[in-house]
Participant: 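Before I ask anything, let me first share the structure, which is written out below as structure tokens.
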Amino acid sequence: MKKSLLFVATLATLIVNSVFAADSVYEYVDKNGNVTYSNKPSKNAKKVTLPPISVYSAPMSLNSYSNKPSAKNSGVKTIYPKSSVPQYSGTNETGRKQILTEELASEKLALVDSQQALSEAKKIKLSSEKTNDASYQKRIQALEDSVTEHQKNIDILNKQLGFN
């Protein structure tokens with residue numbers, strides 16, 4: 001059953017790919033300058049050559065974290081250990097830490113930028129805000145929310161990296 005389902009899925013994929021691969025894309029610019037793309041040619045339309053589709057494989061999958069089947073668990077795989085925090089090992093852990101460290105540095109820079117923007121915004125009212133205090137408050141609140149969001153992200157990243 002699984003083999004026949006796999007065969008049907010593979011066959012369907014090949015058919016769909018061949019149908020779409022044969023189609024061309026056409027670009028048409030109307031008198032107002034609006035650009036329209038279509039798979040059907042029209043008067044004054046130019047055929048567009050598209051670059052190939054980029055395909056990237058995921059660096060890790062859930063199977064990377066799976067336990068190997070053993071006599072104890074009778075082939076039943078668990079995705080995560082019993083603790084609430086998944087445990088990683090090997091190069092996956094190194095890559096994960098590097099990504100989190102880079103994200104932490106980025107969030108810290110964004111926090112400084114947000115704090116500076118908030119500080120500057122509090123000093124100046126825009127001309128439209130001089131008569132409308134609610135507009136000023138709304139702008140300041142959005143900047144304060146941005147600062148808070150970056151602080152929360154930093155706290156979460158520190159926790160994931162084990163700094164707290």
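Fair warning: this is a prediction, and the values are worked out from it, not measured in the lab.
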Participant: The criterion is salt bridge (charged side-chain N to carboxylate O under 4.0 Å, His left out); which residues satisfy it with Glu129, sequence neighbours excluded?
Facilitator: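 If we apply the salt bridge (charged side-chain N to carboxylate O under 4.0 Å, His left out) test to Glu129, skipping adjacent residues, the hits are Arg139.
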
Participant: Looking at CG of Leu100 and CG of Leu104, how far apart are the two atoms once the value is rounded to the nearest 0.5 Å?
Facilitator: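 Atom-to-atom, Leu100:CG and Leu104:CG are 8.5 Å apart.
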
Participant: Could you list the residues that satisfy side-chain hydrogen bond (donor to acceptor under 3.5 Å, both in side chains) with Glu102, not counting sequence neighbours?
Facilitator: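 By the side-chain hydrogen bond (donor to acceptor under 3.5 Å, both in side chains) rule, Glu102 matches Gln98.
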
Participant: Under a 4.5 Å cut-off applied to non-hydrogen side-chain atoms, are Asp155 and Lys159 in contact?
Facilitator: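 Side-chain contact under 4.5 Å: no.
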
Participant: Under 3.5 Å, sequence neighbours excluded: what are the donor-acceptor pairs made by side chains of residues 114-124?
Facilitator:
residue, atom, partner, partner atom, Å
Ser114, OG, Ala110, O, 3.0
Ser114, OG, Ser146, OG, 3.1
Ser114, OG, His150, NE2, 3.4

Participant: If I compare all heavy atoms of Lys97 with all of Leu161, which pair ends up nearest, and what's the gap?
Facilitator: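 Scanning both residues, the minimum pair turns out to be O-CD2, 4.0 Å.
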
Participant: If the condition is side chain to side chain contact (heavy atoms under 4.5 Å, CB included), which residues does Glu27 pass it with, not counting sequence neighbours?
Facilitator: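 Val35, Tyr37, Val48.
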
Participant: With sequence neighbours left out, what residues match Asp30 under side chain to side chain contact (heavy atoms under 4.5 Å, CB included)?
Facilitator: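 Testing Asp30 for side chain to side chain contact (heavy atoms under 4.5 Å, CB included), a comparison that skips the adjacent residues, returns Tyr28, Asn32, Asn34.
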
Participant: Looking only at side-chain N and O atoms, does Asp145 offer a donor or acceptor that is under 3.5 Å from a partner on Gln141?
Facilitator: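 The criterion, which ignores hydrogens and geometry beyond distance, is satisfied for Asp145 and Gln141.
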
Participant: Which residues pass the side-chain hydrogen bond (donor to acceptor under 3.5 Å, both in side chains) test with Asn132, sequence neighbours left out?
Facilitator: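 Checked Asn132 against side-chain hydrogen bond (donor to acceptor under 3.5 Å, both in side chains); zero matches.
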
Participant: Tell me, which pairs form a salt bridge (charged side-chain N to carboxylate O under 4.0 Å, His left out) where one or both residues lie in residues 33-51, sequence neighbours left out?
Facilitator: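 Listed once each, the pairs would be none.
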
Participant: List the steps and the verdict of side chain to side chain contact (heavy atoms under 4.5 Å, CB included) for Asn39 and Val25.
Facilitator: CA-CA 5 Å; Asn39 62 341; Val25 176; 5.8 Å; no

Participant: Return the CG to CD distance between Asn153 and Glu107, rounded to the nearest 0.5 Å.
Facilitator: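 Asn153 atom CG to Glu107 atom CD measures 4.0 Å (nearest 0.5 Å).
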
Participant: By side chain to side chain contact (heavy atoms under 4.5 Å, CB included), which residues pair with Lys152, not counting sequence neighbours?
Facilitator: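 For Lys152 the side chain to side chain contact (heavy atoms under 4.5 Å, CB included) partners, ignoring immediate neighbours, are Thr148.
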
Participant: Show the numbers, then the answer: is there a side chain to side chain contact (heavy atoms under 4.5 Å, CB included) between Lys108 and Val112?
Facilitator: CA-CA 6 Å; Lys108 285 180 177 179; Val112 170; 5.9 Å; no

Participant: Listed by chain and number, what are the side chain to side chain contact (heavy atoms under 4.5 Å, CB included) partners of Gln137, not counting sequence neighbours?
Facilitator: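 Residues passing side chain to side chain contact (heavy atoms under 4.5 Å, CB included) with Gln137: Asp133.
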
Participant: Please tell me whether Ile154 and Ile156 are part of a single hydrophobic cluster in this structure, the criterion being side-chain heavy atoms less than 4.5 Å apart.
Facilitator: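 Hydrophobic grouping puts Ile154 apart from Ile156.
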
